[in-house]
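Heads up, the thing below is written out as structure tokens.
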Amino acid sequence: MEKNDHDDKQGNGYSRRGFMQFIGVGAGVVGASLLSPPLRRPLKAEDVGTIFPASEMVKVRLAVNGTVHAVLVEPRWSLLYVLREIIGMTGTKIGCDRGECGACTVLIDDVPRYSCMTLAVEAENRTITTVEGLMKGEELGPVQTAFVETDAFQCGYCTSGQIMAVEGLLRKVESPSPEEIRLGCSGNLCRCGAYPNIFAAAGKAAQLKSK
Amino acid sequence: MATRDKIYYTEGLPVPETPDLGTQPAFWKKTDLVGKPIPRVDAYERVSGTAVYPSDILLPNMIYAAILRCPHPHARVKKIDIAEAGKMPGVRAVITGDSKEAKGVKWKYRDMEVPLFDSHCRFEGEVVAAVAADSWYQARDAAQAIKVDYEVLPFVVDYERSLDVSVPRVQEKGNLLSEDTYSRGDVEKGFAEADIVLEQTYHTQCELHTPLELHGCVANWDGDRLTVWESSQGVFAVQSRVAEALNLPLSKVRASGHYMGGGFGSKLWPGKYTVISAMLARKAARPVKMLLSREETYLCAGNRPAGTMRIKAGVRKDGTITAIDFDCIGPSGAYPAGGVQLVDWLARDLYLCANVRTRGRDVLINAGPARPFRAPGHPQGAWALEQMIDELAKAIDMDPVQLRLKNVPLKSQAREGTPPYTSTGLRQCLEKGAEKFDWQASLERIRKFNEQNNHLRRGIGMGACLWVAGGGGPPSTVVIKLFRDGSINLNMGASDIGTGTKTIMAQVAAEELGVQPAIIQIENADTATTQYATPSGGSKTVPTEAPTVRNAAIALKQELLAAAAEDMEVPEDELEYIGDEIIWSRDAAKRLRITEVSRLKKRGVMIGTGYRGPNPADKVVNPFAAHFCELEVNILSGEINIIRFLGVHDSGRVMNRMTFDNQVYGGIVMGIGFGLTESRQLDERQTGRLCNKNWHDYKLPTAMDVPLEITSLPIELDDPESNNTGAKGLGEPVTIPTAAAIANALCMATGVRFTRAPVSPMEVVRKLSERKEG
Ligand code: FES
Ligand code: FES
């Protein structure tokens, strides 16, 4: 049972999930996310009977912004699809659905992740935060406010992902250096090229948060 | 030549006439709100996640669509078998070229009309079949389960070989789509008069728009009325193309897209997918959401065509450019799409030159058709021309900024009758830019740096441009509604594609009406509730819509003054509109609040309608710019690190300093991609297929690739002749000379001319080792 022992060691050795985490977040938080445990505990050989056929719906409980949603999903559905099309929270955007752009970034247990590369079933029993979850009632949170004040977007489609990347960074590092900010945003593409203002927003958000 | 400016206005679109306003309001000498760095009026919606983009639309009973596309660059569909797909779980509609609803439905590529489902597939990614099913996943599964029997045909995807006799024909008439020539003066004589004549061939690669929001739409039928929410730069273009394809009256097609996640030209009009979504929605009797996959957008949502440009130019020692001969070839793709459109424009018009000859050949290849891409033709043309100008300067031992300054035109030489520009800020862009960039001192500093002779070399470079359009123009109609409580609704057809259009229009209306922008609610980009506007693109949106908004505000004020004159029983021309009050000029004590005007109180609303007046006759409105760049090259690894960038822009009046600077940064970032990393890779020899249809393999600039120091310097010239706001376009010039400036800096750093964009580290190493051996 050597294999199982190995599997049980979290964050050890190469795993597909580990790889997904690596490409799934800005490089600045890569260190943090690689150290964070994989989303779902690895299955043991004897658990095999619980694997569902792809077309069969399973019930998952997703804790999104403090509210638990019980939803029926196909095991292959991404968290992104379930958030947007099933639960109806469309603040999280879809740019590629293949882990390249970061438009779909959400926080899972405070760590930025690509929700298109996360299965909904993987996200069960985790704390999921989306851009809607940064609001304080009707008021914008500090990162959102900083984005407005520094004009850190143009079309605005990458923006919720950028905001979540910055939020995740600031939850890890209180006042990041310019280089840390760049790294923290590097997993999020902005085709409009608003990067200079996004960096400024991150700096400003750090100030607003510390107030 | 006039039609050259019209690409964003009328191409394929019926355009209504706009009446002349008759009078022009006075030019603003001083403004209170216009120009101020006011945060965007829709910023809250965009950062809170509440803005509903077309891809966010959710309707009850909505289902999802997917398209099956031809995997070959050239093939004929022989047989399609949908039996299995039709029985798959969740599937509600399947449409192919054999379906009865597809019969007779046409699609247009410019003037060429083809069946919407064409069994002759001329590019990888051509539509073959479409499916709608309950979930996104089911739709994709079912599309994959459709069995297609293809007759695979020989192909050509290398545009430089497309005119060879032995290559397959993309269209029956052959692969030369058009040949366009231009000439003024006598080029041969010009070369004879030159002290130096240089000739060089430059290449640029095919660039893909890839806006963050996928191309797509939601289509819904309500009886015989169709509503389409489309991620679009122009909802009226969506309306007219869909109505035409489905043979519906315009009134029965509502196109809407209040927000949109980027387009850069690729969303100026809808795609086949839009019509197909409507057909699927009708067949399934459900609303249908269709989002193309990212891979599909690489195949069929347009591109900036690759180009080969040969340029020969002569110069005298005093800096007079005596002749330019420019020849270019580029591919439209498989259908007419402007393969070399405007590539030669800068060679024709940017610098003083009496003798110019150009030729452009637009060819066909078996690849996805082009679409206009931010400043069509110009970044390519600048890549060739602006490097050549630097070479000429070096050859006559003149500073490249000086050589450009010697040749600043005040007239458009390439247009009929050489009309003057309303303003030419090129001189100021060059002078102020060189000063701000510390050009002279930097040259010295860098020479010293490079003498240390380690593996790092530095260079500075610059490039300049104009943009052929950017003056805006009719048609446009805007309505401003004043409600009983004094709040205002600004109703405008144009989309805000991320440039801040809505914010700027709120500033213009607020300036004219003397109110705070916050009380103005903007209603835009919806064919059912707003008036006709041309698609937002070509740097024409602000210079088109801002004067129209101003006219609407003035019309509303006139309405109010007339109504107040009745209430106050004084002559209308003795009344003044100040802030939210109407005051009698003879006795300021006699005043009336706007909300007290009885006509407004009784009717509940008063409106002002504005139209876009004509542009000045016999004058040309063009923006100008210069970009300056400093970079560092690792001559061992070929790595290029851009250290600082300066964008200097004459776009007339700065309407909002914050969104202005943001455009400049964004254009520079995109230009860095064009110059250094972005390139569509077609497998020319073996399969003809696109090898890098994703963002991992097709690399956009990321947060790690942009210079930390990036500066915007506006040259604000009064231009009262351009239009009544004095604003010229900005969105295109910001990305035109960027790549050329990088190339010129690279040349200074390495001593080697890089003629092929993008310049990869491998290319740097290859060229440098070539030089060592040579
Ligand atoms: S949509 Fe998830 S990374 Fe692009
Ligand atoms: S704001 Fe448009 S992609 Fe970032």
Side-chain angles (χ1 to χ4, degrees), chain A residues 23 26-27 55 74 76-77 81 84-85 88-101 103 130-132 134-135 138 140 143-145 147-160 163 178 181-199, chain B residues 37 39-40 42-53 55-58 62 64 89 135-137 209-214 259-264 289 291 293-295 497-500 658-659 661-663 665-670 672-673 694-696 700-704 706 708 710:
Chain A
I23 60 173
S55 56
E74 286 184 26
R76 61 173 171 167
W77 286 0
Y81 181 74
R84 284 175 58 81
E85 308 293 335
M89 295 178 66
T90 58
T92 307
K93 303 300 185 198
I94 172 170
C96 64
D97 207 23
R98 48 178 292 159
E100 292 166 353
C101 70
T130 70
V131 72
E132 292 95 337
L134 301 186
M135 301 290 288
E138 295 282 290
L140 300 178
V143 180
Q144 292 163 313
T145 303
F147 268 66
V148 173
E149 287 177 1
T150 56
D151 203 37
F153 55 90
Q154 289 179 24
C155 76
Y157 204 79
C158 71
T159 309
S160 34
I163 289 173
I181 290 173
R182 255 150 87 99
L183 283 165
C185 297
S186 65
N188 294 68
L189 294 176
C190 177
R191 185 48 154 167
C192 296
Y195 298 117
N197 291 0
I198 294 170
F199 303 154
Chain B
R40 297 178 191 234
D42 55 1
Y44 177 94
E45 289 85 335
R46 292 191 198 256
V47 302
S48 61
T50 51
V52 180
Y53 289 74
S55 56
D56 297 335
I57 298 274
L58 293 168
M62 188 176 81
Y64 298 84
S135 81
W136 184 302
Y137 294 83
H209 307 72
T210 71
L212 252 277
E213 186 177 27
L214 296 160
Y259 294 91
M260 62 89 63
F264 312 109
K289 179 186 276 194
L291 289 191
S293 69
R294 182 47 65 191
E295 292 82 346
I497 57 176
T499 55
M658 196 144 77
T659 59
D661 290 349
N662 201 339
Q663 276 299 296
Y665 303 155
I668 290 172
V669 170
M670 195 174 258
I672 291 173
N694 59 70
W695 275 320
H696 273 310
L700 306 189
T702 70
M704 304 305 289
V706 305
L708 276 182
I710 176 164

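To find a chain, count down the sequence lines: A is the first, B the second, and so on, and within it residues start at 1.
With a threshold of 4.5 angstrom between heavy atoms, A:Leu189 approaches chain B through its backbone and through its side chain. If you measure heavy-atom distances from A:Leu134 to chain B, you find no contacts under 4.5 Å at all. For A:Glu85, the parts sitting under 4.5 Å from any heavy atom of chain B are the backbone and the side chain alike. Both the backbone and the side chain of A:Tyr157 come within less than 4.5 Å of a heavy atom of chain B.
Of all the listed residues (B:Leu708, B:Ile710, B:Leu291), the one sharing the greatest number of non-hydrogen pairs under 4.5 Å with chain A is B:Leu708. Each of A:Ser160, A:Ala194, A:Cys192 has some count of heavy-atom pairs under 4.5 Å with chain B, and the biggest count is that of A:Cys192. Annotation: maximal heavy-atom pairing with chain A below 4.5 Å, among B:Asn694, B:Thr210, B:Val669, occurs at B:Asn694. For chain A, the option among B:Phe264, B:Tyr259, B:Tyr53 with the highest count of heavy-atom pairs below 4.5 Å is B:Tyr53. Ranking B:Ala43, B:Gly673, B:Pro39, B:Ser48 against chain A, the residue ahead of the rest is B:Ser48, based on heavy-atom pairs under 4.5 Å.
Within the cation-pi definition used here (under 6.0 Å to the ring centroid, within 45° of the axis), B:Arg40 qualifies as a partner of A:Phe153.
By the 4.5 Å heavy-atom criterion applied to side chains, B:Leu212 and A:Cys101 are counted as neighbours. The shortest side-chain heavy-atom distance between A:Gln154 and B:Gln663 falls under the 4.5 Å cut-off. Residues A:Thr159 and B:Arg46 are not in side-chain contact: their nearest non-hydrogen atoms beyond the backbone lie 4.5 Å or more apart. Side-chain contact between B:Tyr44 and A:Glu138 is present, with heavy atoms from C-beta onward closer than 4.5 Å.
With A:Arg182 contributing its side chain and B:Val706 its backbone, the two residues share a donor-acceptor pair below 3.5 Å. Side-chain atoms of A:Arg84 come within 3.5 Å of backbone atoms of B:Ser55 as a donor-acceptor pair (strictly under, hydrogens ignored). Between the side chain of B:Asn662 and the main chain of A:Asp151, a donor-acceptor pair closer than 3.5 Å is present. Listed for the B:Arg294 side chain is no donor-acceptor partner under 3.5 Å among the backbone atoms of A:Asp97.
Considering OH of B:Tyr137 and CD of A:Glu74, their distance stands at 8.5 Å, rounded to 0.5 Å. For the atom pair A:Tyr81 OH and B:Ser135 OG, the distance stands at 4.5 Å (nearest 0.5 Å).
Legend: residues meeting side chain to side chain donor-acceptor pair (under 3.5 Å) with A:Asn197, ordered by chain and number and at least two apart, are absent. Residues satisfying the salt bridge (charged side-chain N to carboxylate O under 4.0 Å, His left out) test with B:Glu45, not counting sequence neighbours, are none.
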